[in-house]
Amino acid sequence: MIKYNSSKIEKKWQKYWEAKKFYAVKDKATKKENLYFLVEFPYPSGDLHIGHWYAFSVPDIAVRYWRMKGKNVMYPIGFDAFGLPAENAAIKNNLQPEDWTRKNIAYMTKQLKSMGAAFDWSRAVSTMDLDYYKWTQWIFLQFYKKGLAYRAKTFVNWCPKDKTVLANEQVINGCCDRCGTEVVQKEMFQWMYKITDYADKLIDDLEKVDWPKVTKTAQRNWIGRSRGAEIHFLLPNSTETIKVFTTRADTLYGATYIVLAPEHSLITKLTKDQYLDSVSRYLETTKKKSELERLGLEKDPPSHKATEGQGKTGVFTGAYAVNPINNEKIPIWVADYVIGWYGTGAVMAVPAHDERDFEFAKKFKLPMKQVIKELSNMGTSNVPSEHSVSGDSAYEGDGVLVDSREFTGFKSEDAREEIVEKLAKKGLAERKTNYKLHDWVLSRQRYWGTPIPMINCPKCGYKPVPEKDLPVKLPKLDDYKPSTDGRSPLAKAKEWLKVKCPNCGGKAERETDTMDTFVDSSWYFLRYADPHNKKAFADSDKMKNWLPVDLYVGGAEHNTMHLLYSRFFTKAMYDLGLLEFNEPFVVRRNHGIILGPDNQKMSKSRGNVINPDDLVKKYGADAVRMYLAFMGPYEQGGPWNPGGIIGISRFMERVRNLLNRIVKLADTWSKNYREDTSVNNIKSKKESLRFYESAEGNIDLSNIFHKTIKKVSEDIEKLSFNTAVSALMILLNSIQEETTDISPGGFKVTHTKTRGISKPQLETFLRLLAPFVPHLTEELWMNTLGNKKSIHLEKWPEYDPKLIVEETIKLVVQVNGKARDVIEVMAGLDETAAREVALGSENIKKHIAGTEIKKIIFVKNRLINFII
RNA sequence: GGGCGAGUAGCCGAAUUGGUAUAGGCGCAGCGCUUAGGACGCUGUUCCCGCAAGGGAGUGAGGGUUCGAGUCCCUCCUCGCCCACCA
């Protein structure tokens, strides 16, 4: 056999497909429905890892399948080119970020092409291209006009190492998600996107999309909608009130003190003189605390366990507030367990019914008052509650109110309504919904990003760059390193900085912050529909052809970042009349992560990194693709099994040998021996030939063929690639059992079972394999079988439901639920006949002998169960 | 602490949704390939008793529902991911 030179053959076909422009999809194809399959575009880190292969080459199977099914499938690719890692790497290597990134893009493009995926390179976009970020800026301006982009002073997450602000979503356990440095809180002026305007829609519209449950719940929790009320606590001798947010107005009678976050604006005003010292000391210490310390967490990132016994801290202000429901005077404390930015930054503490308040009250010996009783204790009010105040925990559940004047006896859910209602009439409360979601801080004090198209005029303030002046080009800077003062490096571009105010024409300066990379990637999927448009981010007719995205495959790490931002962009652009849909991705599927062979996350320091280039060199791209599809459920990922890929390699070799043998045999025989009856073994050889040339093929194989077509089709549609590969292996096993086996030296028939396979059947087999191993099947299709047109332009085989129906089935015969025999019977056998057959079995007779059959359970075409 | 998911052979994993548990692959073992070679072919491969026929046990642990449970319900254990003082 000729050795299969995978790298040579794969390159050959990649060039052929590219030259023929197979994958450059037209916006419209006659009589073909458009499908838009999207994978998350890669960050140009410089090297394609196995995870990229998993993310891109496996969905490519579905892309190729749907193309063969007659759809016009767009499968675009691009680069998320701006961002911190590129800039940091460039600093390290003493290069310009642009040069570093362009070099990586060039190299990764080469690597990506080696996958043999059906990417449409003619639509490739890169977020660092002027043509692209012009529109990132343009969209910013549209948002700005509608008040969806604004500048404000706010507490932000500041990474001291990367010297930039981070969005909330980019802070993991109080640390920078890029470098792991502990984040500090800083109050700064920042540009923000008003994503909070869309909080409700972002939650409610999750109903409309087919997304993984985890992603949906992650988004719901992240947005964190909670419905409750704001209650006003009065300050004696003052017109001011302290507003607190609560979801538990039913516990209002149990409020025994008020807690203000250290950031609360009223603290200095209301603190009594003799407490000023201790309060200001407390504020100082909290300021110095990191997020982690404030949470009472250990600093060690791996554990992050709550430190035992450390407990809560706080200080009394000397002031009191009046509970509006019962006019009780309760003390006002300051404690950092209350978060400044959430709700009103103040809470009413109900230690009897809230764990945190309980802990605090216990430590500072503050009173506790039980006002809720568990429902199970109803009617037995003399029995002390299990969760009495003197216990060691608070009762946080709903129940029945006690000690709450006219509301005593109310159920929690009713009391919540009634109490707020009563106070609202006096203007002392209002219903309120709060969200955990913050506005999205989009400005970054770094160089390598999209410049924010704003101008700061000393007279007129911030003014947008006129649209005609877009793009605001990112200037080349010799020293682009971040500065310690928090000012963006762009401030160093002295000439670039100077600009006329669009309002008054006076001297002004450009905004020097750049945008978060997540802004760039929040709309890239729109650009693919019309990537070369000079007049708009995308033409609306072209968008109609493709959008919204039909299937978006990517990693679960984007659940609360990219996927949330993209949805916000889509909704905001929809409201601006720029889009005709308000959800960007109809179907979303998360892929798993490939771990190292040691079941650990791949990392250089662990030395468990699998390099796809080496694998491609050794086994070929086809084998790598197919193995990744085969190794397990796609959503699950899992450890890389170094031995496993050999199985795929063997499978491919068997396919090759099968084709080569049969074609060679057929050729030789049709040329030399068709009419010759004198040669030994002529019968079986002739029979093989007859099968090969017959149109209907081997009837004995048609059942397995049609079953496989059905199975593989359904599995690909479900993205259940591993079981699809399995089915193909089973098919090959069946074919080989039924086919001529020839030794390499000659035409010796070694098996008696030989029945042969027809050319149409072989071709069907290759078509089924084409999405999985595009290069191998193309080689066999065009070279071995001599077809003129590419297999990737072929139609996907259809199955005939009639040929899937089994003639016989295996009837399982059970006695008392235990399988005792399996009998092959005609399909569709009814109970009476089945019982007769089953009772004929010796083994069944043995088990039933001497007893009476009490009951028979019969499942057609499956089993019969005798209960004795 | 909360949420979600998972646990099946030596390993990766299947299982028509409640109907023969372990398909397919890896690994391992045996045999074959009238020249070698293997990324070749065939056969076997859950455990225990048995020459075999056959029987018993068996899907993290324990219990339940059912003629029948990997699948449904309850309790618990382990692992993974996400969130986390959000009032």
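Labels below follow one simple rule: chain letters A, B, ... track the order of the sequence lines, proteins then strands, and each chain is numbered from 1. Quick caveat, the model's predicted, so the values are computed rather than measured.
No engagement by Arg220(A) is indicated, since no non-hydrogen atom pair under 4.0 Å with the nucleic acid exists. Here Ile867(A) lies in heavy-atom contact (under 4.0 Å) with sugar-phosphate atoms only. No engagement by Asn559(A) is indicated, since no non-hydrogen atom pair under 4.0 Å with the nucleic acid exists. Thr217(A) comes within 4.0 angstrom of nothing in the nucleic acid, heavy atoms only. At a threshold of 4.0 angstrom between heavy atoms, the contacts of Val214(A) are confined to the sugar-phosphate backbone, with no base atom among them. Among the protein residues, His438(A) comes within range of no part of the nucleic acid, since none of its heavy atoms lies under 4.0 Å from any strand. Across all strands, Lys810(A) comes closer than 4.0 Å to base atoms (heavy-atom distances). Within the nucleic acid shown, Asp354(A) has no heavy atom closer than 4.0 Å to any nucleic acid atom. Residue Pro633(A) is in sugar-phosphate contact alone, with no base atom involved, counting any heavy-atom pair closer than 4.0 Å across all strands shown. Among the heavy atoms of the strands lying under 4.0 Å from Asn843(A) are primed sugar atoms or P, OP1, OP2 only; no base atom is included. Residue Ile730(A) is classed as a sugar-phosphate contact, given heavy-atom separations below 4.0 Å to backbone atoms only. Residue contacts shown for Lys710(A) are absent, as no nucleic acid heavy atom lies under 4.0 Å away.
Under the 4.0 Å criterion applied to side-chain N and carboxylate O atoms, Glu653(A) and Arg656(A) are assigned as salt-bridge partners. Between Glu359(A) and Lys312(A) there is a salt bridge, since at least one side-chain N of the basic residue sits less than 4.0 Å from a carboxylate O of the acidic one. A salt bridge links Arg416(A) with Asp398(A); the closest basic N to acidic carboxylate O contact falls under 4.0 Å.
One can place CZ of Phe630(A) at 8 Å from P of C26(B), the figure rounded to the nearest angstrom. A straight line from NZ of Lys216(A) to C1' of G3(B) spans 16 Å, rounded to a whole angstrom. Straight-line distance from the CE atom of Met631(A) to the C1' atom of C11(B): 12 Å, rounded to whole Å. Summarising the geometry, the separation between CZ on Arg862(A) and C1' on A15(B) is reported as 11 Å, rounded to the nearest angstrom. Here the P atom of nucleotide A39(B) and the CE atom of Met626(A) are 20 Å apart, to the nearest Å. Between the NZ atom of Lys818(A) and the P atom of G58(B) there is a distance of 8 Å, rounded to whole Å.
Judged by atom type and distance alone, Lys854(A) does not reach the base of C67(B) through any side-chain donor-acceptor pair under 3.5 Å. Evaluation of atom-type donor-acceptor distances gives a pair under 3.5 Å for the side chain of Gln814(A) against the base of G19(B).
Searching all strands for a Watson-Crick or G-U wobble partner of U35(B) with both distances below 3.5 Å returns nothing. A6(B) is paired with U78(B) under the criterion used here, namely a Watson-Crick or G-U wobble arrangement in which both key atom distances are under 3.5 Å. Figure legend. A29(B) is base-paired to U43(B); pairs are counted as Watson-Crick or G-U wobble with both atom distances under 3.5 Å.
A donor-acceptor pair shorter than 3.5 Å cannot be found between the side chains of Glu557(A) and His562(A). For the residue pair Asn608(A)/Asp598(A), the side-chain donor-acceptor check at 3.5 Å is satisfied. Side chain to side chain, Ser720(A) and Thr723(A) meet the donor-acceptor criterion of an N or O pair below 3.5 Å.
If you take atom P in G7(B) and the same atom in A14(B), they sit 9 Å apart, rounded to whole Å. With both ends at atom C1', the span from U8(B) to G13(B) equals 9 Å, rounded to whole Å.
Between Thr560(A) and C82(B) there is no side-chain N or O to OP1 or OP2 distance below 4.0 Å. The phosphate of G55(B) (OP1 or OP2) has a side-chain N or O of His847(A) nearer than 4.0 angstrom. Applying the 4.0 Å criterion to OP1 and OP2 of G25(B), one finds that Arg650(A) has every side-chain N and O outside that range. Distances shorter than 4.0 Å separate none of the side-chain N or O atoms of Tyr619(A) from OP1 or OP2 on A39(B). The side chain of Arg820(A) contributes an N or O atom lying less than 4.0 Å from OP1 or OP2 of G55(B).
Classified by its glycosidic torsion, U8(B) falls in the anti category, the angle being over 90° from 0.
Closest to the side chain of Val859(A), out of G19(B), A87(B), G13(B), is G19(B). You'll find that the side chain of Asn641(A) is closest to G25(B), out of G25(B), G13(B), U16(B).
Both Val822(A) and Asn221(A) lie near RNA chain B, and the one whose nearest nucleotide falls closer to the 5' end is Asn221(A).
Other residues, nucleotides and ligands contribute at most 12 non-hydrogen atoms within 6.0 Å of the CD1 atom of Ile593(A).
Using a 30° and 60° split on the angle between ring planes, Phe360(A) and Phe364(A) fall in the tilted class, from 30° to 60°.
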